Amino acid sequence: MWTAVDPPQFSQSDPYKPLTLRADYNWEPGAKYRLSIDTLSMVGIYDHHNGNLNFEFSVRPREDYGNITFNITGLDGQPAIVQLLNSQDAPVRTVPVEGSVARFVNMLPNTYYARLFLDLNANGKWDTGSVTDSIQPEDVFYFPKKIALKKNWDITQPWDIYDTAVDLQKPMEIKKNKPKPKAGEQQYQSTEEDDQYYDEFGNPAVDPDDPFGKRKNSNYNRTNPSNTIGRNGLR
């Protein structure tokens, strides 16, 4: 038995994708929804209307998600934006720094990386600067370690953006142009160490979901791990 609710407001989130619409709504975790669209909802440039559409979907329960919080130091009151990145160095979510805190809530379990840039003109995006106006690009910093988020985890990370040298901040796993090996050195290759989890003290930790328990055991707190990590720049 379906119960009618007020429909969400649809908006165009990307001007370059006019056929993609976004619906922001206070979805109830674990609930099932049906979206019904009648034939008068959309019309094309040739006066063609859409057909009847009925689409059913379920919202994941809250415990399927995790939260990541960064406690950031080194900004000295400057406005900043933090982006959570995937393994391809692409942003999956962007939030402003409020005070000295950046919060990412209801994130799907995954391995994430983080990037921060100073938003000096408060326009919500990274600016390249201007040679004509002698304006430098906005500074960029990377969190120098990856973040392994699991279901129902709340991770809090201290982040001093000047704790690691800027040119050493970006994790090797997401560098598109990896440094060439020197004479006698081997080319960087992804290893099991790249998938290593860390406990609250930055020590190697066992993956709770690893059935073989290959990695070193630790007391990684499932509900509130607090890994310490550093900072970086766009490279």
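If you read the sequence from its start, that first residue is 1, and numbering goes on from there. Everything numeric here is computed off the predicted structure, so don't read it as measured data.
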Dump the intermediate steps for ring pair (Phe, Tyr, Trp, His ring centres under 6.0 Å) on Trp27 and Phe57, then the final yes or no. CA-CA 11 Å; Trp27 308 107; Phe57 60 95; 5.5 Å; yes
Stepwise side-chain contact (heavy atoms from CB on, under 4.5 Å) test for Val101 and Phe70: CA-CA 6 Å; Val101 178; Phe70 291 103; over 6 Å; no
Step by step, would you call Arg60 with Leu108 a side-chain contact (heavy atoms from CB on, under 4.5 Å)? CA-CA 10 Å; Arg60 292 173 181 262; Leu108 288 173; 3.5 Å; yes
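Remark: the backbone N or O of Gln88 is paired with a side-chain donor or acceptor of Asn86 at under 3.5 angstrom. Without hydrogens or angle criteria, Tyr25 side chain to Asp6 main chain gives a donor-acceptor distance under 3.5 Å. Side-chain N or O atoms of Arg115 include none that pairs as donor or acceptor with a backbone N or O of Pro91 at under 3.5 Å.
In terms of heavy-atom proximity, Pro158 sits nearest to Phe143 at O-CE1, 3.8 Å. Scanning both residues, Ala102 and Val82, for their nearest heavy atoms gives CB-CG2, 3.8 Å. What you find for Leu85 and Ala114 is that their closest heavy atoms are CD1-C, 4.3 Å. Residue Tyr142 comes nearest to Ile174 through the heavy atom pair CE2-CD1, 4.0 Å, listed as atom of the first residue, atom of the second, then distance. Across all non-hydrogen atoms, the minimal contact from Asp119 to Gly124 is OD2-N, 2.9 Å.
Residues passing the side-chain contact (heavy atoms from CB on, under 4.5 Å) test with Pro7: none are found, sequence neighbours excluded.
Grouping Ile, Leu, Val, Met, Phe, Trp and Tyr by side-chain contacts under 4.5 Å, direct or through others, leaves Val43 on its own.
In this structure, Leu118 CG and Asp127 CG are separated by 11.5 Å, a value rounded to the nearest 0.5 Å. With rounding to the nearest 0.5 Å, the separation of CG in Leu116 from CG in Leu75 is 6.0 Å. Once rounded to the nearest 0.5 Å, the distance linking OH of Tyr113 with CD of Glu173 reads 4.0 Å. Note that OG1 of Thr20 and CZ of Arg22 are 12.0 Å apart. Values are rounded to the nearest 0.5 Å. Taking OG1 of Thr164 as the start and NZ of Lys145 as the end, the distance is 9.0 Å to the nearest 0.5 Å.
We find that Arg62 and Asp64 are not joined by a salt bridge, their nearest charged nitrogen and carboxylate oxygen being 4.0 Å or further apart.
Clustering ILVMFWY residues whenever any of their side-chain heavy atoms sit less than 4.5 angstrom apart, transitively, puts Tyr162 in the very cluster that holds Val166.
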Distance-only donor-acceptor hits, side chain of residues 32-39, under 3.5 Å, sequence neighbours excluded:
| unit_1 | atom_1 | unit_2 | atom_2 | d |
| --- | --- | --- | --- | --- |
| Tyr33 | OH | Glu28 | N | 2.9 |
| Arg34 | NE | Glu56 | OE2 | 3.0 |
| Arg34 | NH2 | Glu56 | OE2 | 2.7 |
| Ser36 | OG | Asn54 | OD1 | 2.6 |
| Asp38 | OD1 | Leu40 | N | 3.0 |
| Asp38 | OD1 | Ser41 | N | 3.4 |
| Asp38 | OD1 | Ser41 | OG | 3.1 |

